[in-house]
Amino acid sequence: MISKLKEQLAIDLNCSKTDFDKNENTIKELCKNHLRRRNIEDDLLMFMACFGKGTVVTICEDMKAFMTKYVAEMTGFRCFDMPLNVLENELKKYGGIISEIEEFYLLESSRIGPINTGFDIEILEGAIIKKLYEDHRFHMALGYCQEQEHKDMLAVVAYENGEIVGVAGASNDTDQIWQIGIDVVPEKQEHHVATDIVKIISNEVLKRGKIPYYGTAWSNIASKRVAVNSGYKPVWVEMKAKRI
């Protein structure tokens with residue numbers, strides 16, 4: 001799975017797959033590619049990723065000289081560390097801000113063990129997912145879209161006494177790589193709902209021959225725990241900057 005993800009990120013960042021295995025940082029020019037992940041916005045000024053060694057940075061042409069110097073002496077993961085004020089000040093000159101710092105996870109195994117949940121489970125696929133769109137509590141799990149190329153492909157819904165207590169969704173970031181999202185109602189966030197339905201939807205993605213992956217904000221400890229408890233392990237990090 002890691003090899004496939006590196007192939008995809010090489011497309012996303014306009015680099016070679018082997019660049020992620022270098023110890024030194026790599027600078028590339030930012031460009032659009034119709035094969036990149038569908039959740040990547042068009043208004044980026046900077047996009048960088050690291051799998052634990054050197055960081056690959058794609059940057060707009062105007063900032064290329066600055067960024068080359070900025071990361072020249074840094075260990076790869078340090079490119080994501082505070083303080084980031086020097087980078088942010090440079091981005092401001094071009095109308096940009098740091099918009100995302102995320103950590104991404106892949107399953108440790110291609111098989112997930114038995115799932116014993118005390119909740120009623122419903123699995124939805126394709127257009128039938130629209131029935132969830134009237135409930136706007138689950139924007140971390142669902143994209144609330146069926147009409148665009150990037151859309152909700154699967155949803156797993158947990159019910160208790162007929163009421164929805166959690167939703168896990170899978171979106172087609174590429175045809176082969178689907179991202180998992182999760183939302184649980186506040187009063188049930190300590191009841192293992194998230195872990196149960198992330199495991200279930202991960203299995204459903206695997207059954208369809210796709211690669212599931214899980215992303216979370218750098219600081220979201222609760223979400224990271226869900227990932228690990230569901231059988232995922234941290235694999236790479238990303239930072240993006242976009243025009244305001």
Side-chain angles (χ1 to χ4, degrees), residues 1-2 4-6 8-9 12-13 20 36-41 44 46-52 55-56 76-82 84 97-109 112 115 136-145 150-158 165-174 177-186 188-206 210-242:
M1 288 188 185
I2 292 177
K4 289 289 186 183
L5 260 297
K6 285 182 178 178
Q8 181 58 49
L9 263 74
D12 298 344
L13 284 106
F20 297 112
R36 71 185 183 183
R37 280 174 291 162
R38 297 178 180 119
N39 59 322
I40 297 173
E41 298 180 27
L44 293 181
M46 180 196 73
F47 182 12
M48 60 185 186
C50 179
F51 280 80
T55 288
V56 175
F77 74 91
R78 292 292 182 193
C79 299
F80 299 80
D81 271 1
M82 298 297 182
L84 294 170
I97 58 169
I98 294 172
S99 55
E100 298 175 61
I101 304 178
E102 297 178 286
E103 189 170 16
F104 291 94
Y105 294 71
L106 287 176
L107 285 171
E108 296 220 48
S109 171
I112 296 175
I115 303 159
H136 291 277
R137 294 177 295 170
F138 306 109
H139 280 273
M140 296 300 293
L142 301 171
Y144 289 82
C145 179
H150 185 228
K151 58 189 175 183
D152 299 316
M153 302 299 289
L154 285 170
V156 172
V157 188
V165 295
V167 176
S171 61
N172 61 337
D173 289 3
T174 77
I177 300 170
W178 293 4
Q179 183 169 184
I180 305 300
I182 176 69
D183 259 317
V184 174
V185 297
K188 291 295 178 180
Q189 289 179 358
E190 302 296 327
H191 292 73
H192 307 292
V193 183
T195 300
D196 288 350
I197 58 178
V198 167
K199 286 182 177 180
I200 292 169
I201 199 166
S202 299
N203 264 337
E204 293 299 320
V205 172
L206 290 171
K210 313 299 182 182
I211 297 173
Y213 78 110
Y214 184 110
T216 185
W218 190 267
S219 56
N220 193 338
I221 301 300
S223 183
K224 291 182 179 186
R225 286 177 180 151
V226 171
V228 171
N229 291 338
S230 302
Y232 285 79
K233 63 179 180 180
V235 173
W236 83 97
V237 291
E238 296 180 4
M239 182 192 292
K240 300 184 184 76
K242 68 178 183 179

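Reckoned from all heavy atoms, side chains included, excluding hydrogens, waters and symmetry mates.
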Inset, instruction - Applying side-chain contact (heavy atoms from CB on, under 4.5 Å), run through Met153 and Lys151 and close with a yes or a no. - result: CA-CA 6 Å; Met153 302 299 289; Lys151 58 189 175 183; 3.9 Å; yes
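- Across all their heavy atoms, Cys79 and Met48 have their closest contact at O-CE, 3.2 Å.
- Looking at heavy atoms from C-beta onward, Arg137 lies out of side-chain contact with Asp183 at the 4.5 angstrom threshold.
- Minimum heavy-atom separation, Lys224 to Trp218: NZ-O, 2.7 Å.
- Contact record, Lys188 with Val193: O-CG2, 3.7 Å, taken as the closest heavy-atom pair.
- Rounding to the nearest 0.5 Å places CD1 of Ile2 at 12.0 Å from CG of Leu9.
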Inset, instruction - Go through the steps for Asp173 and Ser171 under the test side-chain contact (heavy atoms from CB on, under 4.5 Å), then give the verdict. - result: CA-CA 6 Å; Asp173 289 3; Ser171 61; 3.1 Å; yes
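- In this structure the side chain of Phe77 never reaches within 4.5 angstrom of the side chain of Val237, judged on heavy atoms.
- A distance of 7.0 Å separates CD in Glu238 from CG in Asp12, rounded to the nearest 0.5 Å.
- In this structure, CD in Gln179 is found 8.0 Å from CZ in Arg37, a value given to the nearest 0.5 Å.
- In this structure the side chain of Trp178 never reaches within 4.5 angstrom of the side chain of Leu206, judged on heavy atoms.
- Using cut-offs of 30° and 60° for the angle between ring planes, the His136 and Tyr144 rings count as parallel.
- Atom OH of Tyr232 sits about 4.0 Å away from atom CG of Leu107, to the nearest 0.5 Å.
- By the neighbour-count criterion of 12 heavy atoms within 6.0 Å, atom CE of Met1 is densely surrounded, having more than that number from other residues, nucleotides or ligands.
- The local environment of NE2 in His150 is crowded, with over 12 non-hydrogen atoms from other residues, nucleotides or ligands closer than 6.0 Å.
- Listed here is the closest heavy atom pair of Asp152 and Gly143: OD1-N, 2.8 Å.
- Gln189 places a side-chain N or O within 3.5 Å of a backbone atom of Val184 that can act as its donor or acceptor partner.
- Nearest heavy-atom pair across Ile211 and Val205 is C-CG1, 4.1 Å.
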Legend entry - side-chain contact (heavy atoms from CB on, under 4.5 Å) assessment of Leu5 paired with Val235: CA-CA 10 Å; Leu5 260 297; Val235 173; over 6 Å; no
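- Closest heavy-atom contact between Ser202 and Pro212: O-CG, 4.2 Å.
- The NZ atom of Lys242 lies 7.0 Å from the CD atom of Glu100; values are rounded to the nearest 0.5 Å.
- With hydrogens and angles left out, the side-chain atoms of Tyr105 and Ser230 include no donor and acceptor closer than 3.5 Å.
- One N or O on the side chain of Ser99 and one on the backbone of Lys240 form a donor-acceptor pair closer than 3.5 Å.
- One finds the CD atom of Glu204 at 10.5 Å from the CD1 atom of Ile180 (value rounded to the nearest 0.5 Å).
- Residues Ser223 and Tyr214 bring a donor and an acceptor atom of their side chains to less than 3.5 Å of each other.
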